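Only one structure is covered here, and it is reproduced in the block below.
The model shown is predicted, which means the values in this text are computed figures rather than measured ones. Atoms within each ligand, like the ligands themselves, are counted from 1 in listed order.
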Amino acid sequence: MATLADILTVRTQEGAAELCERYNGDWVRCYACGHECRIPDGAVGVCKVRFNRGGHLMVPWGYVAGAQCDPIEKKPFFHVEPGALAYSFGMLGCDLHCGYCQNWVTSQALRDPRAISGLQAADPRALVEDAIGLGARVMVSTYNEPLITSEWAVAIFKEAKAAGLATAFVSNGNATARALEYLRPWVDFYKVDLKSFDDTRYRQLGGRLQPILDTIERLARMGFWVEIVTLLVPGFNDSEDELERLTEFVARVSPDIPWHVTAFHADYKMTSPGDTTTEMLVRAADIGRSAGLRFVYAGNIPGRVGDLENTRCPSCHALLVSRHGYLIRDYRLTPTGACPSCGTTVPGRWSDHFEPQVASVPFSPLRRRGLDGR
Ligand code: SF4
């Protein structure tokens, strides 16, 4: 019987020239993520989905492991077209192996035999048509790490942009300069999961801190719209000192980057820390504000973090966007994205008017035909 790895080996095509280099005969070096793997013929990279076949880097292609509709607030993006429906798709695999991954069934499908995940054939145009038919305004590569499947995302985003949709990555940020150059024409919004400010912790998750920090600086410099999330895990990344250093770093890159600090609940292999409490989130948010961040949000405990779900004007503190979880309760920004009370421009990518939400909860659409257009 064919294994998942066998099946995925067929669903590939040669990687983008911008993301790989052949050297030393038939070795290849992959630049899709910060591991920058050197891969001999016949071997796979750390992510296990990109591999060397005869001196050619083969990369995932032609399938999705999931495609569903999410409110854009779930990604989370709070300064991007509030209320928009985000058509989210993902493939399989990840370059990290976080013990608390909430998407481990897809991200760890090639590492963990317990992660049983199906996949379906897909075609970029059919995915975009599906998204438009459902009322989505943004296509998002998410669920697995999109960097390791960048070529496929770009193929979809080319179709999406031609159809007038915006595009986004929800990523761990373990990118390279080359990957971001490759993505820049096709990706509008980029969410980075900044998991810690401690290199030792990052190594436990299978990465390093510095490439993530480099990515955040590059994204800001290159003009992507960036929002950052930190899942606050008690005892893992929630010391005052670490949160101060983390938020001071983000504020140095730009105090206008929204920082979402979100509540952990036990998942996958990390079951021993208790859940993050409201008080922990509020304390972390206070640290972020003290570091100079102008837009700090607390997530995953809707209705229990007071004003930390809302967007306020950084000058006069007028309420601009009121939220409960993913639901937009009120929207008062002007068509140019300014505060109606004092005229301060609020950084973000705003629509010229608020369109009622298609849905404020994620849903899996019923489809009349396959995502490969058949
Ligand atoms: S995507 Fe990252 S982990 Fe995968 S082969 Fe390329 S450099 Fe290695």
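We find that Arg349 and Glu81 are not joined by a salt bridge, their nearest charged nitrogen and carboxylate oxygen being 4.0 Å or further apart. Taking 4.0 Å as the cut-off between side-chain N and carboxylate O, Asp123 and Arg125 do not count as a salt-bridged pair.
Under 2.8 Å from atom 4 (Fe) of ligand 1 lies an N/O/S atom of Cys47, whether from backbone or side chain. Residue His35: no N/O/S atom is found under 2.8 Å from atom 8 (Fe) of ligand 1.
Annotation: atom 6 (Fe) of ligand 1 to nearest protein heavy atom, Cys30 SG, 2.3 Å. Scanning the protein for heavy atoms near atom 5 (S) of ligand 1, the closest one is Gly45 CA, 3.6 Å. The protein heavy-atom contact nearest to atom 2 (Fe) of ligand 1 is Cys33 SG, 2.2 Å. Protein heavy atom in closest approach to atom 8 (Fe) of ligand 1: Cys37 SG, 2.2 Å.
Aromatic ring centres of Phe189 and Phe224 lie farther apart than the 6.0 Å criterion allows. A centroid separation of less than 6.0 Å is found between the aromatic rings of Tyr297 and His79.
Of all the atoms in ligand 1, the ones that sit under 4.0 Å from a non-hydrogen atom of Arg50 are 1 (S), 4 (Fe), 5 (S), 6 (Fe). Listed by number with element, the atoms of ligand 1 under 4.0 angstrom from any heavy atom of Ala32 are 1 (S). Atoms of ligand 1 found under 4.0 Å from any heavy atom of Glu36 (numbered from 1 in listed order, with element): 7 (S). Near Ile148, the atoms of ligand 1 lying under 4.0 angstrom from a non-hydrogen atom of the residue are 1 (S).
Taking a 6.0 Å sphere around CZ of Arg184, one finds it holds more than 12 heavy atoms contributed by other residues, nucleotides or ligands.
Judged by distance alone, the side chain of Glu244 and the main-chain N or O of Ser239 form no donor-acceptor pair under 3.5 Å.
Just one of Thr278, Leu281, Thr277 meets the side chain to side chain contact (heavy atoms under 4.5 Å, CB included) condition when paired with Arg304; it is Thr278.
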